[in-house]
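Values reported hereafter were calculated over all heavy atoms of this structure, with side chains retained and with hydrogens, waters and symmetry mates removed. Numbering of residues begins at 1 and proceeds along the displayed sequence.
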Amino acid sequence: MERQTSEEVKKNILRVKSSIQVGRLLALQGHAFRGHDESIESTNRGNFIEHLQFLADNNEEIDSVVLDNAPPNAKYISPEIQKQILHVLAEKIRTHIFEEVGDSKFSIIVDEASDESNHEQMAIVLRFVDAKGLIQERFFFFGGKERFFDIVHVEDTTSKTLYSAIRSALSFYKFPIQNLRGQGYDGLVACMVSGMDCRHYF
């Protein structure tokens with residue numbers, strides 16, 4: 001196997017950095033990454049590729065190494081790469097949230113829905129008061145104190161299943177359940193469908 005030259009390594013680093021910048025921007029804006037038709041003939045190849053193309057159109061150095069100018073085996077734009085970028089960003093966000101919340105009391109907001117493939121999923125959002133005593137409401141992690149925390153896939157949306165998923169998620173990310181001070185649910189989540197109030201579990 002031939003060793004990569006330092007020039008090839010620099011090009012690969014620039015490709016990866018460019019993909020990460022695009023992924024970070026899309027994640028911060030809450031935009032979808034993928035398009036319905038990402039083929040070269042498509043007039044709209046999805047946000048990820050279109051933003052990367054925009055970046056390339058405005059930077060000659062990036063343009064010289066990404067998309068059509070990248071080797072077929074090192075484009076760093078595949079759905080798997082996009083998922084890996086999101087995974088790394090999510091881990092950094094969760095670590096930041098954990099450090100920011102610390103030993104503070106917190107509340108959760110929970111919503112459940114089915115995704116496109118009809119799998120039940122549950123979104124968990126943490127709210128807490130920051131060190132300055134302020135509560136700001138912004139979805140995701142940039143600048144606000146209401147932070148997008150996790151999406152959990154669940155088998156069904158009964159109160160017991162949701163309770164178990166909430167408790168598991170909080171435990172996995174080391175948020176002490178005894179610091180939980182409030183819960184909010186959108187509409188009549190399954191807690192009420194089964195005739196049980198989730199508050200009784202906590």
Side-chain angles (χ1 to χ4, degrees), residues 20 23-34 47-48 78-202:
I20 290 170
R24 187 168 179 263
L25 173 68
L26 293 174
L28 288 173
Q29 296 301 317
H31 292 173
F33 278 45
R34 306 285 311 280
N47 287 333
F48 189 86
S78 71
E80 292 76 24
I81 293 292
Q82 294 175 34
K83 287 177 187 176
Q84 288 176 5
I85 290 169
L86 274 175
H87 179 73
V88 169
L89 291 172
E91 284 301 316
K92 290 178 77 76
I93 291 165
R94 283 190 282 263
T95 300
H96 177 74
I97 292 170
F98 178 74
E99 291 170 354
E100 193 172 21
V101 173
D103 291 329
S104 299
K105 309 303 183 212
F106 61 90
S107 63
I108 58 173
I109 300 171
V110 179
D111 194 12
E112 48 78 31
S114 297
D115 63 15
E116 285 185 357
S117 59
N118 286 326
H119 288 99
E120 297 289 346
Q121 57 187 11
M122 177 178 66
I124 302 173
V125 175
L126 290 178
R127 291 186 73 202
F128 58 96
V129 178
D130 68 7
K132 297 177 184 175
L134 301 174
I135 298 177
Q136 299 175 16
E137 293 193 9
R138 290 190 188 153
F139 198 68
F140 213 61
F141 92 102
F142 208 72
K145 298 300 172 234
E146 178 175 299
R147 305 297 178 92
F148 175 72
F149 186 61
D150 204 358
I151 293 180
V152 178
H153 290 279
V154 292
E155 292 178 21
D156 56 55
T157 54
T158 64
S159 56
K160 286 184 180 180
T161 301
L162 294 179
Y163 162 75
S164 178
I166 291 167
R167 191 165 183 108
S168 292
L170 293 177
S171 176
F172 181 80
Y173 296 112
K174 299 176 179 62
F175 285 96
I177 201 79
Q178 63 268 23
N179 286 353
L180 178 62
R181 290 298 182 260
Q183 306 163 54
Y185 304 93
D186 184 23
L188 297 176
V189 176
C191 292
M192 302 306 172
V193 172
S194 64
M196 301 164 92
D197 188 339
C198 283
R199 288 173 298 181
H200 296 163
Y201 288 109
F202 295 102

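Considering CG of Leu89 and CG of Leu28, their distance stands at 7.5 Å, rounded to 0.5 Å. Here the CD-CZ distance, from Gln29 to Arg24, works out to 11.0 Å after rounding to the nearest 0.5 Å. Considering CZ of Arg181 and OG of Ser104, their distance stands at 11.0 Å, rounded to 0.5 Å. In this structure, CZ on Phe33 lies 6.5 Å from CD on Gln82, to the nearest 0.5 angstrom. Note that the CZ atom of Phe128 and the CD1 atom of Ile108 stand 14.5 Å from one another [nearest 0.5 Å]. Atom-to-atom distance recorded for Arg34:CZ and Leu26:CG is 12.5 Å, nearest 0.5 angstrom.
Atom NZ of Lys83 sits in a sparse spot, with 12 or fewer heavy atoms from other residues, nucleotides or ligands closer than 6.0 Å.
Judged by distance alone, the side chain of Asn179 and the main-chain N or O of Phe106 form no donor-acceptor pair under 3.5 Å.
In this structure, Ile85 and Phe48 have side chains that are in contact, with non-hydrogen atoms separated by less than 4.5 Å.
Scanning both residues, Ala27 and Leu86, for their nearest heavy atoms gives CB-CD2, 4.1 Å.
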